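Just below is one structure, and these are the notes that go with it.
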There are 2 protein chains.
Amino acid sequence: MTHFSPLPMADAPRERSDAARNRDAVMCAAARLVTELGVDAVTMDRVAAEACVGKGTVFRRFGSRAGLMAAVLNGAETEFQERVISGPPPLGPGAGTAERLLAFGPARLRQNLLHGALLEAAASIHGRSHAAYSFNLLHVRHLLAELEVGGDLPLLAAALLSPLEVPVLRSQVEVQHLPVERLEAAWVDLARRVAGL
Amino acid sequence: MTHFSPLPMADAPRERSDAARNRDAVMCAAARLVTELGVDAVTMDRVAAEACVGKGTVFRRFGSRAGLMAAVLNGAETEFQERVISGPPPLGPGAGTAERLLAFGPARLRQNLLHGALLEAAASIHGRSHAAYSFNLLHVRHLLAELEVGGDLPLLAAALLSPLEVPVLRSQVEVQHLPVERLEAAWVDLARRVAGL
DNA sequence: CGTTCAAACGGACCACAGTCCGTTTTCATT
DNA sequence: AATGAAAACGGACTGTGGTCCGTTTGAACG
């Protein structure tokens with residue numbers, strides 16, 4: 001649970017101490033409840049009660065349930081991004097571009113499966129939780145560009161990302177009972193075709 | 001608004017007359033309210049009131065809000081399926097397989113954009129509303145097979161369908177402001193790469 | 001310190017999906 | 001018709017996300 005940076009912006013109206021205290025309390029409570037009870041059992045009232053805080057405070061801070069879940073997810077998502085940006089190959093730099101691309105899909109796939117419920121709960125904020133999603137988009141797009149793939153790169157990247165969306169994955173794993181390894185292999189195949197490898 | 005077939009099953013316990021009457025009333029009310037007020041403004045209480053029926057009745061009949069929306073959507077979705085199965089080329093039979101595949105994406109894309117809100121409302125039933133989704137999956141898979149595309153066909157088909165999912169589309173159109181024509185072109189390009197055309 | 005006021009607080013309140021269960025209706029059988 | 005049981009009915013009730021607004025608190029300034 002990393003303290004959010006008190007990074008001083010231009011004309012920072014400095015966060016009030018009670019606000020900071022409450023925000024931490026809420027985040028802690030939320031994270032604890034999520035791991036203890038599972039995402040679906042975590043209600044806003046419960047979080048508020050657990051944090052010894054009024055419900056209004058939770059909402060002012062995080063805007064909505066989706067916002068709160070996004071905040072809880074933040075840690076894992078940041079860690080993933082760091083693995084991509086500066087972690088060891090083949091996901092991180094140091095491997096060839098094609099190799100990195102083919103490693104990205106399965107990694108993201110497992111990440112999405114692992115945090116499926118949380119991602120879903122955080123997604124409804126307005127469709128896709130923008131920050132995290134656009135990072136993935138940018139990364140794939142960048143790799144495609146380096147591979148000198150022709151075509152509409154932003155949309156090609158989106159096409160590679162969309163089969164990794166949680167609802168798609170969940171349906172394949174939980175309803176159709178396809179093994180994860182097969183999904184990974186299929187994604188790699190897809191990426192090869194799209195990138196012309 | 002087609003009457004649902006009173007098709008006689010094995011040991012059909014015949015639908016009661018009041019049940020049939022109420023079901024029609026609810027469907028009518030729901031459809032009317034959806035077109036009049038938009039999906040989001042249609043509440044179950046409203047539908048019940050409009051149909052002069054208790055709320056419990058609506059839920060017994062349709063299970064959930066998602067179920068009701070799926071029923072409302074049914075007409076449009078059936079029509080789409082008929083266009084694919086027996087409509088004019090290039091979507092329907094009579095055109096070459098490749099041509100049909102390349103026509104399917106844009107058609108489905110426009111369908112998803114047109115009924116976006118309804119599809120979303122109907123989807124939360126458990127992720128994807130099974131009947132409609134698996135039709136699309138089967139169709140694409142079938143076309144790929146006829147094109148003698150190698151690989152994991154079920155998953156390749158899913159990969160072609162997933163960029164057409166409503167949330168993806170909505171984000172591209174409403175947030176990124178990409179024109180629909182560009183999305184269509186990108187999908188055609190994607191399909192060409194995947195099918196090796 | 002005391003004053004001031006914007007910011008933060010908190011819980012009553014609202015709308016909506018979904019459940020429950022006592023009451024009513026239908027219809028097959030007599 | 002009368003009867004009885006299964007099916008359907010309906011609306012009060014519950015749980016949850018989200019809002020509102022009168023009250024409290026923090027900290028900047030005198």
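Remember, it's a predicted structure, so these values are computed and weren't measured experimentally. Within every chain, numbering begins at 1; the chains are lettered A, B, ... in the order of the sequence lines, protein sequences first and strands thereafter.
Under the rule for a ring pair (Phe, Tyr, Trp, His ring centres under 6.0 Å), the partners of H139(A) that lie at least two apart in sequence or sit in another chain are F104(A).
Residue E15(A) contributes atom CD, which lies 11 Å from atom C1' of dA7(C) at whole-angstrom precision. As rounded to whole Å, 12 Å separates atom C1' of dA7(C) from atom CG of N22(A). Counting to the nearest Å, the P atom of dT19(C) and the CZ atom of R61(B) are 16 Å from each other. In this structure, CZ of R14(A) is placed 15 Å from C1' of dA8(C), rounded to the nearest angstrom.
Residues from residues 49-59 of chain B lying near DNA chain D, meaning a heavy-atom separation below 4.0 Å, are V53(B), G54(B), K55(B), G56(B), T57(B) in numerical order.
In this structure, CG in L138(A) is found 11.0 Å from CG in L153(A), a value given to the nearest 0.5 Å. The structure places CG of L143(B) at 11.5 Å from CD of E99(B), a figure rounded to the nearest 0.5 Å. Once rounded to the nearest 0.5 Å, the distance linking CD of E148(A) with OG1 of T97(A) reads 9.5 Å. Once rounded to the nearest 0.5 Å, the distance linking CZ of R182(A) with CG of D189(A) reads 12.0 Å.
First and last contacts of DNA chain D with chain B, using any nucleotide atom under 4.0 Å from a protein heavy atom and ordered 5' to 3', fall at dA6(D) to dG11(D).
Here the side chain of R193(A) pairs no donor or acceptor atom with the backbone of R193(B) at under 3.5 angstrom. The backbone N or O of V53(A) lies less than 3.5 Å from no partner atom in the side chain of T57(A), so there is not a single donor-acceptor pair. Formation of a donor-acceptor pair under 3.5 Å by the R110(B) side chain with backbone atoms of V180(B) is not found in this model. Here the side chain of R23(A) pairs no donor or acceptor atom with the backbone of V58(A) at under 3.5 angstrom.
At the heavy-atom level, R21(B) lies under 4.0 Å from the strands shown only through sugar-phosphate atoms.
Between G63(A) and D45(B), the residue whose closest nucleotide on DNA chain D is further toward the 5' end is D45(B). Comparing A20(A) and R16(B) by the nucleotide of DNA chain C whose heavy atom lies nearest to each, the residue mapping closer to the 5' end is A20(A).
Between S64(B) and the phosphate of dA17(C), there is no side-chain N or O to OP1/OP2 separation shorter than 4.0 Å.
For dA8(C), the base has no donor-acceptor partner in the side chain of R60(A) [N/O atoms by modelled type, under 3.5 angstrom].
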